[in-house]
There are 2 protein chains.
Amino acid sequence: MSGDSIEEENPQESSWREMAVARSLDPARARAEQRLQRFLDAAMELMAASPGREFTVQEVVERSGQSLRSFYQYFAGKHELLLALFEESVRSSTAQVLAHIDGVDDPLERLRGFTSEYYRICRPSRGTGRGTERGGAGRGVGGSADGAANAASAMADFAQQLLTRHPAEAARAFAPLVSTYESLLDAAADAGAIRDGLDHRRITGVVLQAVMFNSFADTISGSSVEPAEPSAEGLWELLTSGLAAAPATKPSATKSAARRGTPRRPS
Amino acid sequence: MSGDSIEEENPQESSWREMAVARSLDPARARAEQRLQRFLDAAMELMAASPGREFTVQEVVERSGQSLRSFYQYFAGKHELLLALFEESVRSSTAQVLAHIDGVDDPLERLRGFTSEYYRICRPSRGTGRGTERGGAGRGVGGSADGAANAASAMADFAQQLLTRHPAEAARAFAPLVSTYESLLDAAADAGAIRDGLDHRRITGVVLQAVMFNSFADTISGSSVEPAEPSAEGLWELLTSGLAAAPATKPSATKSAARRGTPRRPS
DNA sequence: GCTCGGCGAGAACGGCCCTCTCCTGTGGCG
DNA sequence: CGCCACAGGAGAGGGCCGTTCTCGCCGAGC
């Protein structure tokens, strides 16, 4: 371990040496990264093109205009491609949701905004709106933010698999989202907006899981795909107030939020 | 739709006709049901034997001592076998959980008992305790309750797939559990134990989903597989009380439950 | 005895992931 | 200008799996 010290030499000498090597390697690296990105883009396009369907490696290869051989040079297997896609999706979703609550100051409101926006993102076939069908491919490494966000719902499909079959990698992939949410919880707790004594890490897991897989709840309860919009509010309201009978000492803000959530379905 | 009325004839004539046909078919039907059950049992044994792993049709066929041909006579595909297994698992889980709260009277306590017991059932590798390795196969159709319950955790693995790929069937399979939970909610609401104005159907979906896939929450938050026991209480407590800052009118039970949840990890 | 339906055995097929080999285009070098 | 190294495309092939199909056995009824 830490065996690179074998090659240590004078700092300045090694520095220009590295520079030279880097200059020689840089184009190669750039090309490699672009090729890799082409695979990622192709996969994203496929997921966006027919959501719910599982693409095949062949399709990715064909769409990317590269070869199977190259694919397995860059990814140890299909699984790694999916993992990379998923990581990027989590990263970009986190960024998007953070941007959404950018101007908000109240910690509880920030928590609410984060939750409901993440809910919206994870909702299938209810993305940012635009299709991104033939979106530009081959940007730099960190460029395609909205494409990733759009595919976030399709990602949830894969998230299950990842969560059950490769928990460690899943945890790593979720890390940015988790730490973000946890710090939002911390801030809310510091402000006294939520109760004390909660295990924020665990709450984070429960909430994110519930939000991400909320569509399952609709399916389980048989309400198919209709409800669409209002359940973000409903979920948030359940999350904050719980089921317990109100002791009638709640501040009125809770009340009004609850009222908006459940307007006696006319069905 | 509703096209079976075409074959309607005189009631009495068709009745003895049916009787005769039934008498002729009955042994055949019995044999058929037993064969079918052998497939189901074999699949359950496989799931119990190596949880998490996905069995193959071949394995089921071999273990059941029957032939591939028979398999496809009884099931349109692997998918239908899984669906049958899943339906049975839901049924038996529902029964088991209902039995668990059998002597309880207080509606809120019944709700709590149902929730936490279902949580326990869905917890992976934390079944009723016994292994059921070479459990008896070939009972009647509705007999193998504990085997099904034990495999419930492995079922969750499949539940995801079913929920995303065949929502209608999934909803049908979940129906008994859903209606049971919903009626528990209704009872609790009638007793004033939970707030008014909640959409019980939707709450049912959300809660069942959260409980069933709670292990995902642990994975997401990175707490791996350690937490085991206490989170059933934690989840129930979150569910009833929510996140909102307590107005200091809660009974002290809430406090003590929360304390157990967050012992400041020494890592 | 002879046929006929149920069923086991298992070959065959197609789709998938992945590996491996062949071969071409390209760029550096004497 | 000829040569070599090598990245990368094309695609055949192997293994696994679900699914289908064919064959042959065996017991039951005419």
Side-chain angles (χ1 to χ4, degrees), chain A residues 20-21 23-43 46-47 50 52-86 137-138 157-158 161-162 165-166 169, chain B residues 20-21 23-43 46-47 50 52-86 137-138 157-158 161-162 165-166 169:
Chain A
V21 172
R23 191 168 10 249
S24 144
L25 254 45
D26 242 16
R29 169 183 302 272
R31 251 181 300 138
E33 273 176 1
Q34 186 194 331
R35 300 180 132 263
L36 187 142
Q37 188 63 32
R38 278 211 277 163
F39 283 125
L40 293 176
D41 288 342
L46 283 171
M47 297 194 93
S50 61
R53 201 177 155 290
E54 298 193 6
F55 58 80
T56 166
V57 173
Q58 290 287 353
E59 290 171 326
V60 173
V61 164
E62 280 162 21
R63 182 141 198 156
S64 76
Q66 297 172 127
S67 74
L68 205 53
R69 188 177 179 281
S70 293
F71 181 87
Y72 286 100
Q73 265 178 342
Y74 289 99
F75 301 98
K78 187 187 189 183
H79 167 251
E80 285 214 351
L81 166 66
L82 289 169
L83 184 59
L85 247 42
F86 184 68
D157 256 30
F158 168 63
Q161 254 192 16
L162 192 61
R165 272 200 267 283
H166 306 276
E169 279 128 317
Chain B
V21 172
R23 188 166 14 243
S24 144
L25 254 45
D26 240 15
R29 170 185 300 271
R31 250 181 300 140
E33 273 176 1
Q34 187 194 333
R35 299 181 132 263
L36 189 143
Q37 188 63 32
R38 278 211 276 162
F39 283 124
L40 294 175
D41 288 341
L46 284 171
M47 296 193 95
S50 61
R53 201 174 154 291
E54 299 193 6
F55 59 79
T56 165
V57 173
Q58 290 287 354
E59 290 170 326
V60 173
V61 164
E62 281 162 21
R63 181 141 198 157
S64 77
Q66 296 175 127
S67 75
L68 206 53
R69 189 175 180 281
S70 293
F71 182 88
Y72 284 101
Q73 264 179 344
Y74 288 100
F75 301 98
K78 186 185 188 183
H79 167 252
E80 285 214 351
L81 166 66
L82 289 169
L83 183 60
L85 248 42
F86 184 68
D157 258 30
F158 167 63
Q161 254 192 14
L162 191 61
R165 273 201 266 283
H166 306 276
E169 280 128 316

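Proteins come first, then strands; the chains are lettered A, B, ... in the order of their sequence lines, and each starts at number 1. Note that the coordinates shown come from a computational prediction; the quantities given were computed from them, not determined experimentally.
Remark: A/Thr56 is not in phosphate contact with C/dG15, judged by side-chain N or O atoms under 4.0 Å from OP1 or OP2. The side chain of B/Arg31 places no N or O atom within less than 4.0 Å of a non-bridging phosphate oxygen (OP1 or OP2) of D/dG27. A sub-4.0 Å separation between OP1 or OP2 of D/dG9 and a side-chain N or O of A/Ser70 is present. In terms of phosphate contacts, A/Tyr72 brings a side-chain nitrogen or oxygen within less than 4.0 Å of OP1 or OP2 of C/dC18. At the phosphate of C/dG8, OP1 or OP2 sits under 4.0 Å from a side-chain N or O atom of B/Arg35.
One interatomic measurement links the two molecules: CD of A/Glu62 to P of C/dC16, which rounds to 11 Å at whole-angstrom precision. Nucleotide C/dC16 holds its P atom 12 Å from the CG atom of A/Leu46, rounded to whole Å. In this structure, the CD atom of A/Gln34 is 17 Å from the P atom of D/dA7, given to the nearest Å. Distance, B/Phe75 CZ to D/dT19 C1': 15 Å, rounded to whole Å. In this entry the distance linking CZ of A/Phe55 with P of C/dC16 reads 13 Å, nearest Å. Spacing between atom CD of B/Glu80 and atom P of D/dG18 amounts to 15 Å, rounded to whole angstrom units. In this structure, CG of B/Leu68 is placed 9 Å from C1' of D/dG18, rounded to the nearest angstrom. For the pair A/His79 NE2 and C/dC16 P, the computed distance is 20 Å after rounding to whole Å.
For the residue pair A/Ser70 and A/Arg35, the shortest heavy atom distance occurs at OG-NH1, 3.6 Å. Taking both residues in full, the closest heavy atoms of B/Ala42 and B/Val60 are given as CB-O, 3.7 Å, listed atom of the first, atom of the second, then distance. When all heavy atoms are compared, the tightest approach of A/Val61 to A/Gln66 is CG1-O, 3.0 Å. In terms of heavy-atom proximity, B/Tyr72 sits nearest to B/Gly77 at CE2-CA, 4.0 Å.
Expressed to the nearest 0.5 Å, how far CG of A/Leu81 lies from CZ of A/Phe39 amounts to 9.0 Å.
Along DNA chain D, the nucleotide closest to A/Gln66 and the one closest to B/Phe71 are compared, and the more 5′ of them pairs with A/Gln66. The nearest heavy atom of DNA chain C to B/Ala32 and to B/Gln58 marks one nucleotide each, and the one closer to the 5' end goes with B/Ala32.
In the set D/dG18, D/dG8, C/dC7, the nucleotide with an atom closest to the side chain of A/Tyr74 is D/dG8. If you check C/dC7, D/dT19, D/dG8 against the side chain of B/Lys78, the one that comes closest is D/dT19. Closest approach to the A/Val57 side chain among D/dG8, C/dC18, D/dG18 is made by C/dC18 (side chain taken as heavy atoms from C-beta onward).
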